[in-house]
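Note sheet for the following structure.
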Amino acid sequence: QVQLVESGGGLVQAGGSLRLSCAASGRTTSSYAMGWFRQAPGKEREFVATINWSGTSTYYADSVKGRFTISRDNAKNTMYLQMNSLKPEDTAVYYCAAKTGRGASVVENEYLHWGQGTQVTVSS
């Protein structure tokens with residue numbers, strides 16, 4: 001079983017930056033693709049970014065492309081989301097997730113393991 005724990009969320013002003021981390025335990029995720037999703041108040045959870053098992057392939061939602069960067073360190077069993085030029089509309093609970101299989105995916109229901117989420121609030 002895989003346990004995922006997010007950290008790094010917080011309150012930041014518009015234009016600022018945050019770096020989220022997702023630490024995996026219980027089983028190595030080095031052969032799993034992983035992703036970040038977010039859920040804003042009153043909205044459904046949405047895809048943010050995904051990365052394949054080796055870190056060589058990434059995909060982003062159009063809303064974050066050019067501002068967010070997903071990466072991973074398999075030696076540390078950790079995934080990251082560097083968020084720059086944050087906007088108030090980025091305010092949400094951010095979840096990390098892992099899927100079996102090595103290929104990155106934007107499809108939420110392909111992800112079997114989920115963290116508890118970390119709150120990101122961007123003030124205007």
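Closest non-hydrogen pair, Leu4 versus Cys96, comes out as CB-SG, 3.7 Å. Heavy-atom minimum distance, Gly103 versus Ala33: O-CB, 3.1 Å. Considering every non-hydrogen atom in both Ser31 and Arg102, the closest pair reads O-CG, 3.4 Å. Closest approach of Arg38 to Ser63, counting heavy atoms only: NH2-OG, 3.5 Å. The shortest non-hydrogen separation linking Met79 to Ile70 is SD-CD1, 3.9 Å.
The backbone N or O of Ala14 sits nowhere less than 3.5 Å from a side-chain atom of Asp90 that would complete a donor-acceptor pair. Under a 3.5 Å cut-off, the side chain of Glu108 and the backbone N or O of Glu46 do not form any donor-acceptor pair. Side-chain N or O atoms of Thr78 include one that pairs as donor or acceptor with a backbone N or O of Lys76 at under 3.5 Å. Remark: the backbone N or O of Ser85 is paired with a side-chain donor or acceptor of Arg67 at under 3.5 angstrom. The main-chain N or O of Ser123 is never found under 3.5 Å from a side-chain atom of Gln13 such that the two would form a donor-acceptor pair. Side-chain atoms of Asn52 come within 3.5 Å of backbone atoms of Gly55 as a donor-acceptor pair (strictly under, hydrogens ignored).
Using a 4.5 Å cut-off on side-chain heavy atoms (C-beta onward), Glu89 and Val122 make no contact.
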Criterion side chain to side chain contact (heavy atoms under 4.5 Å, CB included) on Gln119 and Thr91, from CA distance to verdict:
CA-CA 8 Å; Gln119 176 70 46; Thr91 294; 4.0 Å; yes
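Note that CE of Met83 and OG1 of Thr69 are 11.0 Å apart. Values are rounded to the nearest 0.5 Å. Summarising the geometry, atom CH2 belonging to Trp114 is positioned 4.0 Å from atom CZ belonging to Arg45; distances are rounded to the nearest 0.5 Å. Separation of atoms OH (Tyr80) and OG (Ser71) is listed at 7.0 Å; rounding is to 0.5 Å. To the nearest 0.5 angstrom, Phe47 atom CZ is 13.0 Å from Trp36 atom CH2. Between Leu18 atom CG and Thr118 atom OG1 the span is 9.0 Å, to the nearest 0.5 Å. If you take OG1 on Thr50 and CZ on Phe37, they are separated by 7.0 Å, rounding to the nearest 0.5 Å.
Shown here are the side chain to side chain donor-acceptor pair (under 3.5 Å) partners of Ser124, two or more places apart in sequence or in another chain: there are none.
The cluster map of Ile, Leu, Val, Met, Phe, Trp and Tyr, joined by side-chain heavy atoms under 4.5 Å apart, puts Tyr95 and Leu20 in different clusters. Note on Tyr94: it clusters hydrophobically with Tyr60, by side-chain heavy-atom contacts below 4.5 Å among ILVMFWY residues. Criterion: ILVMFWY side-chain heavy atoms under 4.5 Å apart, direct or through other members. Under it, Val64 and Leu81 are part of a common hydrophobic cluster. Criterion: ILVMFWY side-chain heavy atoms under 4.5 Å apart, direct or through other members. Under it, Val93 and Met34 are not part of a common hydrophobic cluster.
No more than 12 heavy atoms of other residues, nucleotides or ligands sit less than 6.0 Å from atom OH of Tyr59.
Under a 4.0 Å N-O distance rule, the pair Lys65/Asp62 qualifies as a salt bridge.
Using a 30° and 60° split on the angle between ring planes, Tyr32 and His113 fall in the parallel class, below 30°.
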